[in-house]
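Okay, structure first, notes after.
Here the structure is a predicted model, which means the values were calculated and not measured. First listed ligand is number 1; within each ligand, the first listed atom is number 1.
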Amino acid sequence: MSVPRLSLRSLARLPAGARPRVDPAARRVGIVHLGIGAFHRAHQAVYTEDAGDWGSCGVTQRSAAVARQLLPQDGLYAVLSKAPAGDDVRVVGSVREVLVGPDDPGAVVARIADPAIRVVTLTVTEKGYRRDPATGRLRRDDPEVAADLAGRTPRTVVGQLVAGLDRRRRTDAGPLTVVCCDNLPANGPALRRLVTDYVADDALAAWIGASVRFPATMVDRIVPATTDADRAEVTRLLGVADDGAVVAEPFSQWVIEDDFAADRPAWEKAGAILTADVAPYETVKLRMLNGAHSTLAYLGALAGHEHIADAVADPVLAEVAGRLMTDDVVPTLAPPAGLDLADYGATVLDRFANPALRHTCRQVAMDGTQKLPQRLLGTAVDRLAAGAEPSWVAFAVAAWMRYVSAGHSEDGRPIAVDDPLADRLASALAGGTEPAAVVDRLVSLDEVFGELGGSAAFRDLLVGHLGRLAGDGVREACRGALRA
Ligand code: CS2
């Protein structure tokens, strides 16, 4: 018997507890979201769902897949929250429209410029901003950025935003708040910097200065890619088929700088923290959680583990991730009042250990050149400046170096490097396989390492760790580092 598809018409079939809180058809679209991937659907869209009657228009930045999933379902989809104690499912109705950016770039600009829109949120991943990770400046030489700057209907996020803002200014469509929700340090100001780099027109720059805000945010929820088994579970729990379902851990956190140019959803009603200063939360999260995540992803993938939960169940790998946090990261942090960093670190490892989440090491390992600076290298810079030896960070960075140079895991499975700078990595690695040669070539990638690439102390740590990772294998190298 065929199962009906999730849609406004099939809502009544759902278990009452799983239905949207507000009639989806009664929501008013006031948000444009750029990058409607799984993370957005499991995070900001859920906060909006719980905050009242705002709705959003989600924009896909690359493929039409999300539109194919959501349009036949009137924008509805399920969030399956997975925990060892049992799963929970609910349907979210806050996404009211979906636009396919690559198919209709003009519609994206028009929607951003619509006076009904007061907030633009973004989750386009680190690489989506087309910025230089070390300097934070817009890569004006990136072919897509260059094509936007030359005057086509823009297709990059910064180009889309600027064109939308320009039209708002010309048509007097009112102020706007741009809320970056990617894992970048000071992500709001970072995006404002890119917008400023892009804008050539003084009048527009002045209008943006007066009418647009770029609050910083810290976003946190682990959202692995949805599998067929997850979709089957959603069908079993809901009695309808859902092509747009997403899976996530139960934990969710959103800290938002309270700096808005116009009105916004009452996200605090949904549990978000609105605060004057996001930086303490964000540095803790990027360096502890994401730093440990990347470390486990590289070590785990090399050691032959498929999922993060398997990597953290490997005692020596978990211990290395723990020591990275306690010995190297914690001394660099000024946490928000009331946050116990030892508890935070332990909770992070517990969250990673959730066996119900099938989060692959490969997914976390991708785009290392875009992630390393804020997750690991900043910690190294701070520790070196304090006269300390950041040995665990160096171990983690050496694991990345091994991951991008090994070609295969220790159990013989191929490792394909998925990174926007993959070509640059490949040419750097063509210079030889000796640890010292690999380290010297990789740290001279200025856009990743910046000035840290000139630190002899850090280089020596990297060479030592990489030699042991390559020569002794991941587990033995971990044991050696833990004994030292
Ligand atoms: C992960 C993050 O894929 C990755 O690189 O480290 O997406 C992580 O799951 C989230 O930041 C958790 O909030």
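By the 3.5 Å distance cut-off applied to N or O atoms, Lys285 is counted among the residues near ligand 1. Inclusion of Lys371 in the set of residues having an N or O under 3.5 Å from an N or O of ligand 1 is warranted.
Nearest protein heavy-atom neighbour of atom 9 (O) of ligand 1: His293 CE1, 3.3 Å. If you check which protein heavy atom lies closest to atom 2 (C) of ligand 1, you get Asn290 ND2, 3.6 Å. In this structure, the protein non-hydrogen atom closest to atom 13 (O) of ligand 1 is Asp220 OD1, 2.6 Å.
Classification of the Phe449-Trp400 ring pair by plane angle, with boundaries at 30° and 60°, yields tilted.
For the side-chain hydrogen bond (donor to acceptor under 3.5 Å, both in side chains) with Trp392, the qualifying choice from Thr379, Asp327, Thr326, Thr295 is Asp327, the only one to do so.
Checked against the 6.0 Å centroid criterion, the rings of Tyr47 and Trp254 qualify as a close aromatic pair. In this structure, His359 has its ring center no closer than 6.0 Å to that of His307.
Judged by distance alone, with hydrogens and angles left aside, the side-chain atoms of Asp197 form no donor-acceptor pair with the main-chain N or O of Arg137 at under 3.5 Å.
Between Asn183, Val223, Asp182, it is Asn183 that holds the heavy atom closest to atom 7 (O) of ligand 1.
Within the 4.0 Å heavy-atom criterion, neither part of Arg351 lies near ligand 1. Counting heavy atoms closer than 4.0 Å to ligand 1, residue Asp367 contributes nothing at all.
Within the 4.0 Å heavy-atom shell around ligand 1 one finds Arg375. Residue Gln253 places no heavy atom under 4.0 Å from ligand 1.
A cation-pi geometry, defined here as NZ or CZ lying under 6.0 Å from the six-membered ring centre and within 45° of its normal, holds between Arg351 and Phe251. Remark: Arg264 qualifies as a cation-pi partner of Phe260 under the 6.0 Å distance and 45° angle criteria applied to the six-membered ring.
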**OP:** For Thr125 and Gln370, run side chain to side chain contact (heavy atoms under 4.5 Å, CB included): C-alpha distance rounded to whole Å, both residues' side-chain angles, the deciding distance at 0.1 Å, then the answer.
**Re:** CA-CA 9 Å; Thr125 79; Gln370 314 294 299; over 6 Å; no
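In the vicinity of His359, heavy-atom distances shorter than 4.0 Å reach the ligand 1 atoms 9 (O).
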